[in-house]
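Written below as structure tokens is the structure these notes are about.
Per chain, numbering begins at 1; letters A, B, ... match sequence-line order.
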2 protein chains.
Amino acid sequence: MAAILDQDGITAAALELISKKGYDGLTMAALARSLGVAPSALYNHVSSKDDVLKLVEEDLMSKVDFGGFSTLPWEEAVRQWAYSYRGIFARHTPLISVIAVLPVTDAPQTLAMYEAVTEGFLRAGFPEKQIIPSIVALEAYIFGAAFDANAPADIFDSGRLADSTPHFTSAVRSLGPERNNYPSDLAFTMGLDALITGLGALREQPGS
Amino acid sequence: MAAILDQDGITAAALELISKKGYDGLTMAALARSLGVAPSALYNHVSSKDDVLKLVEEDLMSKVDFGGFSTLPWEEAVRQWAYSYRGIFARHTPLISVIAVLPVTDAPQTLAMYEAVTEGFLRAGFPEKQIIPSIVALEAYIFGAAFDANAPADIFDSGRLADSTPHFTSAVRSLGPERNNYPSDLAFTMGLDALITGLGALREQPGS
DNA sequence: GAGATAAATGAACGTCATTCATTTATTGGT
DNA sequence: ACCAATAAATGAATGACGTTCATTTATCTC
């Protein structure tokens, strides 16, 4: 029969659906409809909805910018990579629970990213044994920060209980005159700088 | 009518159900059954399943150990808090997407934690404006690390594609002779140390 | 032109969260 | 001590949703 469907088409349609309707709008029925096909037809090309999510994840990974690792100083490369990584997954937080636990086996884009990042760390002088744990730590931070980026501006509004949390309430107020301003971006930069400094200290000094 | 149900009882039953059957086993029907009640009865006390998750979250927050902030040096207090926080939510990752976006208003336990942590930062000499972003950064890391702690041991097995990712594959192998060992705990410690060092540098020096 | 095969269909299932009219038991007022 | 008001539990029903499967349809190969 005419091959209307394939994994690439399903992935593209899923991404478009997500960008238009969010992850709540990503149902097998809606996905099928956007492809002009019956829901059950999808199952000839993917084994489950989770499978669709994996396809989307791989596609997103290919969009993460890790190019700096072959051209920039390590610190700058990490920064560029981390910003790009967070920026992309901040709009795809429902995938994070999938990724964080998903073996990289058969995930070529993800592996390509890890390879480039690892090379960057090696070039910067990291001992081999420190590299994977460092990447894992950075990724943990990036994923957590991606959630954060979606927090509402009033997340720290202590409301009726402000009186019982004076120090906290004051610290929140100190961030600005506006009623509620959540410092997601500022916090990301601060933590990332700390991580870069701290992890960077693990490099072997050239000439010692 | 006899008040069989209340929020505390629902919360306790939900926690027990989660610990026995995991989050997949937490359905309104199962929750009702474990309380000897019809599913619809739950809706007299909670407005939705999300509401149940919020109750569970608050309960878990009360179990996070932030006691060090009033007794230990800042570095040690952060470490203790972070380990406890990660340890608890590592077994409750489905809650993280809820927490990260949930206003603290009307979440007394969560607020109590933030108040204690803020006080600890103040006592350690942090400028008020740096405190909330620092906490946000630490929390992001903790949440991300909680996901990580659930990763399977073979998550970094590059499998058939090992040849195309030589540096990464070698870095993974360097972690140990065993086939697959995911360095979640090591990574957590490394990243946390880096964050503590980096953020700690923001303190105002006493006597300058 | 006759299978064989890959792919799409539509009906059906089971699981959920949630709603609602109804019943049941308790409480407060007289 | 009764009655009305009320809070709480019931059970049936609903509408999504992911997934399965027998069947049909179109294309490719010999």
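At whole-Å resolution of the value, CG in L31(A) and P in dG18(D) are 9 Å apart. Rounded to an integer number of Å, the gap from CG of L53(B) to P of dA17(C) is 10 Å.
Considering only side-chain atoms of A38(B), the nucleotide from dG11(D), dT9(C), dA8(C) that sits closest is dG11(D). The V37(B) side chain lies nearest to dT10(D) when the options are dT19(D), dT10(D), dT18(C). Distance from the side chain of S40(B) is smallest to dT19(C) among dT19(C), dT20(D), dG18(D). Of the candidate nucleotides dT19(D), dA8(C), dT10(D), dA8(C) has the atom nearest to the side chain of L5(A). With dA17(C), dG18(D), dA8(C) as the candidates, the nucleotide lying closest to the side chain of M28(B) is dA17(C). Taking only side-chain atoms of Y43(A), from C-beta outward, the nucleotide of dT18(C), dG18(D), dA7(C) with the closest atom is dG18(D).
At the heavy-atom level, T27(B) lies under 4.0 Å from the strands shown only through sugar-phosphate atoms.
Pairing each heavy atom of G198(A) with each of A194(B), the nearest pair is CA-CB, 3.6 Å.
Under 3.5 Å, the side chains of E128(A) and S170(B) contain a donor-acceptor pair of N or O atoms.
A salt bridge does not link E57(B) to K54(B): none of the charged nitrogens lies less than 4.0 Å from a carboxylate oxygen.
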